[in-house]
Asks: 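Got a structure for you, questions after.
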Amino acid sequence: MLVTGGSRGIGAATARLAAKRGYDVAVNFTSNEAAAKQVIADIEKAGARGIALRGDMAKHAEIGRVFDETEQKLGKLSALVNNAGIIGLASKLADADPEMIAEVIGVNTTGAILVAREGVRRMSTARGGNGGAIVNVGSMASTLGAPGEYVWYAASKGAIDTLTIGLSKEAATEGVRVNAVAPGLIDTEIHAAGGQPDRIARLKSMVPMGREGSAEEVAEAILYLLSDQASYSTGTILRVSGGR
């Protein structure tokens, strides 16, 4: 398995759970090497092989290199968690920095499409692969719109929904299933990164279940979609949002 953006949050929780479920895991990171190495240590404690691979998932050349290193060190890819993403600083769209918007779209949309492209090229039975599964990490923001906070982020994640539907149909006869999760209000550091460390406390009353979710709960949904238990599911967008 390759997990992009696997050093923190949902990616890290997925990498750890995947190791417990029997996967060898490549953890991609951009800058936080110490966090990535801690995830690798946890993977190895679970009895699996783990490698940490630095790479910017907005850059095609680096994406290709990360996939190459994953297969060189762990063997043919069978699972991809397309998770790398950034949010930007919260504001109304009219007040947002255009360069920040472009950076978010570059990672979350263009980058994610290129990662999915590389993943299906590696796993497609029509191209010499052994088949496999891709889970794209979207967001409930694509449905809710994130007004007053992150409209550009919501738009970037709307593209992930469309990517999932279209690619699932292309790859359906090539041994590759493509699904997505759409997390809601999840307790990760992404809220502080957006300049809103109090966001969960402010918004959790809007969740029908009355609480935020955990990265581990999203990881469980991801591992289900990758598993044989979801063998007839492709093009699915699974909401993990407490009913919101």
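Hydrogens, waters and symmetry mates play no part in the numbers below; they use all other heavy atoms, side chains included.
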Asks: Would you compute the distance between atom CG of Asp56 and atom CD1 of Ile63 and round it to the nearest 0.5 angstrom?
Replies: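 Asp56 CG to Ile63 CD1: 8.0 Å, rounded to 0.5 Å.
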
Asks: Indicate, with yes or no, if Val176 and Leu2 share a hydrophobic cluster defined by side-chain heavy-atom contacts under 4.5 Å among Ile, Leu, Val, Met, Phe, Trp and Tyr.
Replies: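 Yes: a chain of side-chain contacts under 4.5 Å links Leu2 to Val176.
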
Asks: Does Thr234 reach the main-chain N or O of Val178 with its side chain, forming a donor-acceptor pair under 3.5 Å?
Replies: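 Indeed, once roles are kept as given, a pair shorter than 3.5 Å links the two residues.
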
Asks: Please name the pair of heavy atoms, one in Gly175 and one in Thr125, separated by the smallest distance, quoted to 0.1 Å.
Replies: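 That closest heavy-atom pairing would be N-OG1, 3.9 Å.
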
Asks: Under a 4.5 Å side-chain heavy-atom rule over Ile, Leu, Val, Met, Phe, Trp and Tyr, are Val181 and Leu226 clustered together?
Replies: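 Linked within one cluster.
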
Asks: Determine whether Ile51 and Glu69 make a side-chain contact, defined as any pair of heavy atoms from C-beta on separated by less than 4.5 Å.
Replies: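 They are not in contact (no side-chain heavy atoms under 4.5 Å apart), so the answer is no.
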
Asks: Could you see if Phe29 belongs to whatever hydrophobic cluster contains Ile222? Use Ile, Leu, Val, Met, Phe, Trp, Tyr and a side-chain cutoff under 4.5 Å.
Replies: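 No, Phe29 and Ile222 fall in different hydrophobic clusters.
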
Asks: When you look at Thr110 and Leu114, which way does the side-chain contact (heavy atoms from CB on, under 4.5 Å) test go after all the steps?
Replies: CA-CA 6 Å; Thr110 306; Leu114 293 174; 4.2 Å; yes

Asks: For atom CZ of Arg54, decide whether the heavy atoms of other residues, nucleotides or ligands shown that lie under 6.0 angstrom number more than 12.
Replies: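 Yes - once you tally the heavy atoms of other residues, nucleotides and ligands closer than 6.0 Å, there are more than 12.
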
Asks: Calculate, to the nearest 0.5 Å, the distance between atoms NZ and CZ belonging to Lys204 and Arg211 respectively.
Replies: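 Here the interatomic distance stands at 10.5 Å.
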
Asks: Which atoms form the tightest heavy-atom contact between Ala180 and Leu225, and what is the distance?
Replies: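 Between these two residues, the closest heavy atoms are O-CD1, 3.6 Å.
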
Asks: Taking atom CE of Met1 and atom CZ of Arg21, what is their separation to the nearest 0.5 Å?
Replies: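 Separation between the atoms: 10.0 Å.
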
Asks: What I'd like to find out is whether the side chain of Leu185 reaches to under 4.5 Å of the side chain of Arg199, using heavy atoms alone.
Replies: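 Side chain of Leu185 against side chain of Arg199, heavy atoms only: contact under 4.5 Å found.
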
Asks: If only atom types and distance count, is the side chain of Thr236 paired as donor or acceptor with the main-chain N or O of Leu238 below 3.5 Å?
Replies: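 No, the answer is negative, given that no donor and acceptor are paired below the 3.5 Å cut-off.
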
Asks: Consider only side-chain N and O atoms of Asp161 and Ser142, and report whether a donor and an acceptor are under 3.5 Å apart.
Replies: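 There is such a pair between these side chains.
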
Asks: Under 4.0 Å between a Lys/Arg side-chain N and an Asp/Glu carboxylate O for Lys37 and Glu44?
Replies: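 Salt bridge between Lys37 and Glu44, a charged N being under 4.0 Å from a carboxylate O: no.
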
Asks: Verify the neighbour count for atom CZ of Arg122: are there more than 12 heavy atoms of other residues, nucleotides or ligands below 6.0 Å?
Replies: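 Yes, the 6.0 Å shell around CZ holds more than 12 heavy atoms from other groups.
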
Asks: Does any non-hydrogen side-chain atom of Val218 lie less than 4.5 Å from one of Ile186?
Replies: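 Yes. Closest side-chain heavy atoms under 4.5 Å.
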
Asks: Looking at Ala112, is its backbone amide N or carbonyl O close enough to the side chain of Asn82 to form a donor-acceptor pair, meaning the two atoms are under 3.5 Å apart?
Replies: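 Yes; at least one donor-acceptor contact below 3.5 Å.
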
Asks: Would you say the side chain of Ile86 lies within less than 4.5 Å of the side chain of Tyr153, judging by non-hydrogen atoms?
Replies: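 Tyr153 vs Ile86: side chains apart.
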
Asks: For Ser7 and Ala35, indicate whether the former's side chain and the latter's backbone hold a donor-acceptor pair under 3.5 Å.
Replies: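 Here the side-chain-to-backbone pair does not exist.
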
Asks: Measuring from atom OG of Ser91 to atom CE of Met100, what distance do you get when rounded to the nearest 0.5 angstrom?
Replies: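 If I round to the nearest 0.5 Å, the distance is 5.5 Å.
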
Asks: Judged by modelled atom types alone, do Gln38 and Asp42 share a side-chain donor-acceptor pair under 3.5 Å?
Replies: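 The criterion, which ignores hydrogens and geometry beyond distance, is satisfied for Asp42 and Gln38.
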
Asks: Yes or no on side-chain contact (heavy atoms from CB on, under 4.5 Å) for Val207 and Glu212, after CA distance, side-chain angles and deciding distance?
Replies: CA-CA 7 Å; Val207 179; Glu212 72 276 23; over 6 Å; no

Asks: Give a yes or no answer on whether the side chain of Asp198 reaches the backbone of Ala201 with a donor-acceptor pair at less than 3.5 Å.
Replies: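 Answer holds: no.
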
Asks: Can you give me the closest heavy-atom contact between Val107 and Ala58, atom names plus distance?
Replies: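 Shortest heavy-atom contact: CG2-CB, 3.9 Å.
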
Asks: Can you name the nearest heavy-atom pair linking Asn179 to Gly235, along with the distance?
Replies: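 Looks like OD1-N, 3.2 Å.
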
Asks: For residues Leu163 and Ile165: do they belong to one hydrophobic cluster (side chain heavy atoms under 4.5 Å, members Ile, Leu, Val, Met, Phe, Trp, Tyr)?
Replies: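 In one cluster with Leu163: Ile165, no.
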
Asks: Compare every heavy atom of Gly138 with every heavy atom of Pro183, then report the nearest pair and how far apart it is.
Replies: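 Scanning both residues completely, I find the closest heavy atoms to be CD-O, 3.3 Å.
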
Asks: Roughly how far, to the nearest 0.5 Å, is the CD atom of Glu217 from the OG atom of Ser241?
Replies: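 One gets 11.0 Å once the value is rounded to the nearest 0.5 Å.
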
Asks: Can you tell if the side chain of Met57 reaches within under 4.5 Å of the side chain of Asn28, non-hydrogen atoms only?
Replies: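 Yes, close enough: below the 4.5 Å cut-off.
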
Asks: Is the side chain of Arg177 donor-acceptor paired with the backbone N or O of Ala230 at a distance under 3.5 Å, no angle test?
Replies: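 Yes.
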
Asks: Can you spot which of Asn108, Thr143, Ile87 makes a side chain to side chain contact (heavy atoms under 4.5 Å, CB included) with Lys157?
Replies: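 One option only clears the test, and that one is Asn108.
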
Asks: For the residue pair Val27 and Ala15, what are the closest heavy atoms and their distance?
Replies: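 That closest heavy-atom pairing would be CG2-CB, 4.0 Å.
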
Asks: With side chains defined as the heavy atoms from C-beta onward, is the minimum distance between Val39 and Arg16 less than 4.5 Å?
Replies: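 Side chain of Val39 against side chain of Arg16, heavy atoms only: contact under 4.5 Å found.
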
Asks: Determine whether the side chains of Thr164 and Asn136 contain a donor N or O and an acceptor N or O closer than 3.5 Å.
Replies: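 Yes, a side-chain donor-acceptor pair sits under 3.5 Å.
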
Asks: What's the spacing between Ser156 OG and Tyr150 OH if we round to 0.5 Å?
Replies: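 OH of Tyr150 is found 12.5 Å from OG of Ser156.
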
Asks: Is Val3 linked to Leu74 within one hydrophobic cluster, defined over Ile, Leu, Val, Met, Phe, Trp and Tyr using a side-chain heavy-atom separation of less than 4.5 Å?
Replies: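 Unlinked, Val3 and Leu74 end up in two clusters.
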
Asks: Between Trp152 (side chain) and Pro98 (backbone), is there a donor-acceptor pair under 3.5 Å?
Replies: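 Side chain of Trp152 to backbone of Pro98, a donor-acceptor pair under 3.5 Å: no, none is there.
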
Asks: Would you find a donor on one side and an acceptor on the other, under 3.5 Å apart, between the side chain of Thr4 and the backbone of Ala84?
Replies: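 Yes, because the side chain of Thr4 sits within donor-acceptor range (under 3.5 Å) of the backbone of Ala84.
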
Asks: Side chains of Leu17 and Glu220: closer than 4.5 Å at any heavy-atom pair?
Replies: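 They are in contact (side-chain heavy atoms under 4.5 Å apart), so the answer is yes.
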
Asks: Taking side chain as C-beta onward, heavy atoms only, is Leu53 less than 4.5 Å from Thr70?
Replies: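 Yes, at least one pair of side-chain atoms sits under 4.5 Å.
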
Asks: Is the side chain of Lys59 donor-acceptor paired with the backbone N or O of Gly111 at a distance under 3.5 Å, no angle test?
Replies: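 No.
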
